[in-house]
Amino acid sequence: MREVMIYSTLDAKLVPLRPRVPPRISMFVCGITPYKPSHIGHGRTMVFFDTAARFLDYLGYRVFYLQNVTDIEDKILREATEEGVEWNVISERNFAGYLREMQALGVDSVNFYARCTDYIPEIIAQIETLIAKGHAYESEGDVYYSVASFPAYGKLSGQRLEALEPGAHVEVNPKKRAPEDFALWKRERLGPRWPSPWGEGRPGWHIEDTAITVNVLGPSYDLHGGALELKFPHHEAEIAQAEAATGKSPLAAIWMHAGLLNMRGEKMSKSLGNVLSLGDALTMVRPEVLRFFFLSGHYRSPLDYAGPSSFEEANRAYETLEGSYHRLEDALAQRFPGTWTGPDGVARTFPGWKEWVAAVDATLPADPSKPGGDKVLESMESSMANDFSVREATASLYTWAGEVNVILGNNPEKVPLEPLVRALRPFRFAQKVLGFFPAKGGGASEQALGKLVEIALEARTRAKARKDFAEADRIRQELLAAGVLVEDTGGRARWRLKP
RNA sequence: GCCGAGGUGGCAGAAUGGUUAAUGCGACGGACUGCAGAUCCGUUUCUCGGGGGUUCGAAUCCCUCCCUCGGCUCCA
């Protein structure tokens with residue numbers, strides 16, 4: 001299996017991914033606090049980690065991807081008060097929206113979403129352990145983590161406590177022994193609360209993640225992901241909690257941080273009024289183009305949204321690849337049933353597209369011991385294995401798309417089958433790993449639509465044959481008005497839905 | 001102030017010691033087309049934030065300065 005190099009925040013350099021129990025990879029990514037509809041910043045982070053998980057899975061690792069959901073938190077309570085509804089109405093509604101948006105974006109690698117409120121007993125148990133070991137203390141019904149008790153605090157972010165400015169953003173809390181201490185448990189008398197050894201209350205922000213990961217993944221796991229803004233203090237707190245509670249270090253072998261998405265060079269924030277929700281973004285572009293946009297830079301670099309023009313440019317760029325893919329798909333679809341001799345030398349006959357793709361997928365990933373078999377695929381794989389360099393892999397795909405366009409030329413039906421099938425491999429990589437070119441519905445309505453368009457196109461072809469271009473153009477115009485874009489290529493017309 | 005991430009052509013964005021600095025978008029010219037679209041071919045643009053250093057050789061390593069963004073205790 002190909003070795004993957006990943007930038008480790010802890011080591012500040014690229015390190016090889018060495019699963020603790022190969023081929024299994026346990027992966028945790030800090031999820032959302034569903035107090036508001038999700039925004040495109042969430043989308044960027046989640047699409048990236050989905051792509052990373054897909055790639056590892058593609059290589060043959062068995063990935064277990066866990067994500068938490070902070071379904072109880074101050075901001076959720078605030079929203080609930082404003083709306084006059086129960087807190088869980090807010091968190092469940094927004095989480096459901098998040099799941100829908102993730103599905104639209106093709107984020108399908110998460111195996112388990114763990115809600116904070118489903119882990120209250122585990123949270124309480126972990127806090128008790130921390131108190132017993134002298135890392136936490138109770139103060140008027142609250143429980144705080146004593147940062148001074150954990151010398152390694154700061155190892156992830158490089159922060160030194162003495163350099164921090166207490167009270168810079170949040171008022172100094174007199175119930176804490178030290179300003180850098182953070183809440184594990186918060187007393188609650190009126191709102192949602194759970195019984196605990198310290199009275200009724202609810203969990204602090206950081207503790208749910210470690211209570212969940214230690215219980216679901218164990219005291220140590222392979223990958224921890226999250227957005228850059230969570231590095232300090234949140235991830236630092238996770239390390240302090242888990243490593244102090246379990247005595248095992250490191251909590252996660254590799255810590256990954258995704259760069260933030262900026263709005264015209266500025267941070268997205270409610271006060272600046274520059275938040276773009278995922279829901280709104282999805283009305284502006286097709287979901288696969290939004291995904292493409294999120295993947296248009298390296299994951300560690302900041303990504304800038306400069307307004308609708310960013311989406312328009314992404315759309316133009318995406319259409320180049322998509323066009324090539326569709327031409328290839330179309331050329332192949334004309335050959336069913338067809339026979340293909342795979343790399344194993346065995347000839348197989350395939351009745352349709354699905355079987356065909358399955359046979360191609362069986363040849364993935366590229367076999368590194370047989371170099372030269374497929375340079376494009378191999379370079380895409382090695383780009384991805386180098387800290388998930390999606391953009392570099394995409395560049396290879398562009399080069400390939402150009403070559404495929406040349407191979408197909410104006411008479412794709414004359415191209416031998418063998419190169420056509422081989423040409424599909426890099427595109428399949430893009431589908432499976434990058435999430436491009438999602439499969440079409442294929443449902444009854446899509447089939448009916450296809451049939452109808454074909455009938456219209458036959459009429460147009462007859463009109464063209466008798467040089468009745470006015471009629472041919474009229475049909476094309478009417479189809480366009482209905483959202484169907486017609487393009488003449490060589491012998492026959494192809495069509496697609498207007499994006 | 002401290003910690004961190006960035007600063008590459010008109011724009012987006014790669015390459016972290018070695019041929020002409022990927023790739024895409026855009027622009028211009030040509031081919032193809034009944035027209036359109038798509039596609040193809042060609043052209044166009046950067047010496048890599050400023051300065052200094054190491055090296056046979058640096059966008060890539062070191063030093064220094066400037067700029068942008070983020071974090072500094074519950075923001076993906």
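Just so we're clear, the structure is a prediction, and the values are computed from it rather than from any experiment. Below, read A as the first sequence line, B as the second, and so on, with proteins coming before strands; counting in each chain starts at 1.
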(request) Can you tell me, in whole Å, how much space there is between the C1' of B/C46 and that of B/G53? (result) 25 Å
(request) Taking only the side-chain heavy atoms of A/K75 (C-beta and beyond), determine which of B/A76, B/A15, B/C75 contains the nearest atom. (result) B/C75
(message) Between A/R187 and A/D142, does any side-chain N to carboxylate O distance fall below 4.0 Å?
(response) no
(request) Would you classify A/T399 as touching base, sugar-phosphate or nothing, given that sugar-phosphate means primed atoms plus P, OP1 and OP2, and contacts are heavy atoms under 4.0 Å? (result) sugar-phosphate
(message) Protein within reach of the bases, or only the backbone? For nucleotides 34-46 of chain B, mark each nucleotide 5' to 3' as B, S or -, using heavy atoms under 4.0 Å.
(response) BBBBSSS------
(request) For residues A/P192 and A/L77, report the shortest heavy-atom separation together with the two atoms involved. (result) CG-CD2, 3.4 Å
(request) Give me the one residue out of A/H257, A/E236, A/K231, A/H235 that meets side-chain hydrogen bond (donor to acceptor under 3.5 Å, both in side chains) with A/S157. (result) A/E236
(request) Could you work out which one of B/A76, B/U73, B/U23 sits closest to the side chain of A/K176? (result) B/U73
(message) Between A/E322 and A/R327 (salt bridge meaning N to carboxylate O under 4.0 Å), is one present in this structure?
(response) no
(request) Between A/P34 and A/D181, just flag the one whose closest nucleotide in RNA chain B comes earlier from the 5' side. (result) A/D181
(message) Would you call the rings of A/F427 and A/Y325 parallel, tilted or perpendicular, taking 30° and 60° as the class edges?
(response) tilted
(request) Would you kindly give the CH2-to-C1' distance between A/W205 and B/U73, to the nearest whole Å? (result) 9 Å
(message) What's the gap between B/U44 and B/G1 when it is taken at their P atoms, as a whole Å value?
(response) 46 Å
(request) Calculate the interatomic distance between A/N315 atom CG and B/C11 atom C1'; express it in whole Å. (result) 17 Å
(message) I need the A/M102 CE to A/S38 OG distance, nearest 0.5 Å.
(response) 6.0 Å
(message) Please give the distance between the P atoms of B/A36 and B/U20 as a whole number of Å.
(response) 42 Å
(request) Under 4.0 Å between any heavy atoms, over every strand shown, what does A/L230 touch: base, sugar-phosphate, or nothing? Just pick one. (result) sugar-phosphate
(message) Is it the case that the base of B/G26 and the side chain of A/E313 share a donor-acceptor contact (distance under 3.5 Å, atom types as modelled)?
(response) no
(request) Using a strict 4.0 Å threshold on nitrogen-to-oxygen distance, state whether A/E381 and A/R2 make a salt bridge. (result) yes
(message) Can you tell whether the side chains of A/D74 and A/R202 come within less than 4.0 Å, N to carboxylate O?
(response) yes
(request) Could you state the atom-to-atom distance from OH of A/Y398 to C1' of B/A14 in whole Å? (result) 13 Å
(request) Answer with base, sugar-phosphate or nothing: what part of the nucleic acid does A/G43 contact at a heavy-atom distance below 4.0 Å? (result) nothing
(request) Dot-bracket notation for RNA chain B is requested: 5' to 3', Watson-Crick or G-U wobble pairs only, both distances under 3.5 Å, with ( ), [ ], | and . as defined. (result) (((((((..(((.....[....)))((((((.......))))))....(((((..]....))))))))))))....
(request) For nucleotides B/G17 and B/C72, find the distance between their C1' atoms and express it as a whole number of Å. (result) 37 Å
(request) Tell me what A/S296 touches on the nucleic acid: a base, only sugar-phosphate, or nothing, going by heavy atoms under 4.0 Å. (result) sugar-phosphate
(request) Would you kindly check if the NZ (Lys) or CZ (Arg) of A/R300 is within the cone defined by 45 degrees around the ring axis of A/Y7 and under 6.0 Å from the six-membered ring centre? (result) yes
(request) Looking at every strand, decide which applies to A/G204 at a 4.0 Å heavy-atom threshold: base, sugar-phosphate, or nothing. (result) nothing
(message) Strictly below 4.0 Å, N to O, side chains only: are A/E79 and A/K75 in salt-bridge contact?
(response) no
(message) On the nucleotide B/G26, are OP1 or OP2 found under 4.0 Å from the side-chain N or O atoms that A/R316 carries?
(response) yes
(message) Using atom P in both nucleotides, what's the gap between B/G71 and B/U47 to the nearest angstrom?
(response) 35 Å
(request) May I have the distance from A/M380 (atom CE) to B/U23 (atom P), rounded to whole angstrom? (result) 15 Å
(message) Can you see whether A/F436 has A/R291 sitting over its ring - NZ or CZ less than 6.0 Å from the centre and within 45° of the normal?
(response) no
(message) Without decimals, in angstroms, what is the distance between A/H257 NE2 and B/C75 P?
(response) 15 Å
(request) Whole angstrom is fine here: how far is it from CG in A/L156 over to C1' in B/C72? (result) 14 Å
(request) State which of B/G71, B/A14, B/U23 makes the closest approach to the side chain of A/H298. (result) B/A14
(request) Sticking with atom P, work out how far B/U19 lies from B/U60, rounded to a whole angstrom. (result) 14 Å
(request) Would you please indicate yes or no on a ring centroid separation below 6.0 angstrom for A/Y98 and A/H42? (result) no
(message) At 4.0 Å (heavy atoms only), tell me whether A/L261 reaches a base, stays on the sugar-phosphate, or touches nothing.
(response) base
(request) Could you measure between the two C1' atoms, the one in B/G7 and the one in B/C48, and give it in whole Å? (result) 10 Å
(request) Would you kindly check whether a donor in the side chain of A/R391 faces an acceptor in the base of B/A12, or vice versa, at under 3.5 angstrom? (result) yes
(request) For B/U55 and B/C3, measure between their P atoms and round to the nearest Å. (result) 30 Å
(message) Whole angstroms only, please: what is the CZ-P distance between A/R264 and B/G70?
(response) 15 Å
(message) Judged by each residue's nearest nucleotide on RNA chain B, which is more toward the 5′ side, A/P233 or A/E266?
(response) A/E266
(message) With a 4.0 Å cut-off on N to O distance, would you call A/K464 and A/D488 a salt bridge?
(response) yes
(request) In whole angstrom, give the distance that lies between atom OH of A/Y299 and atom C1' of B/G70. (result) 17 Å
(request) Return the nearest nucleotide to the side chain of A/L303; candidates are B/A76, B/G13, B/U23. (result) B/G13
(message) For A/R474, is there an ion pair with A/E471 - N to carboxylate O distance below 4.0 angstrom?
(response) yes
Show the distances under 3.5 angstrom between N or O atoms of the protein and N or O atoms of nucleotides 3-6 of chain B.
from, atom 1, to, atom 2, distance (Å)
B/C3, O2', A/S157, O, 2.5
B/G4, O2', A/K231, NZ, 3.2

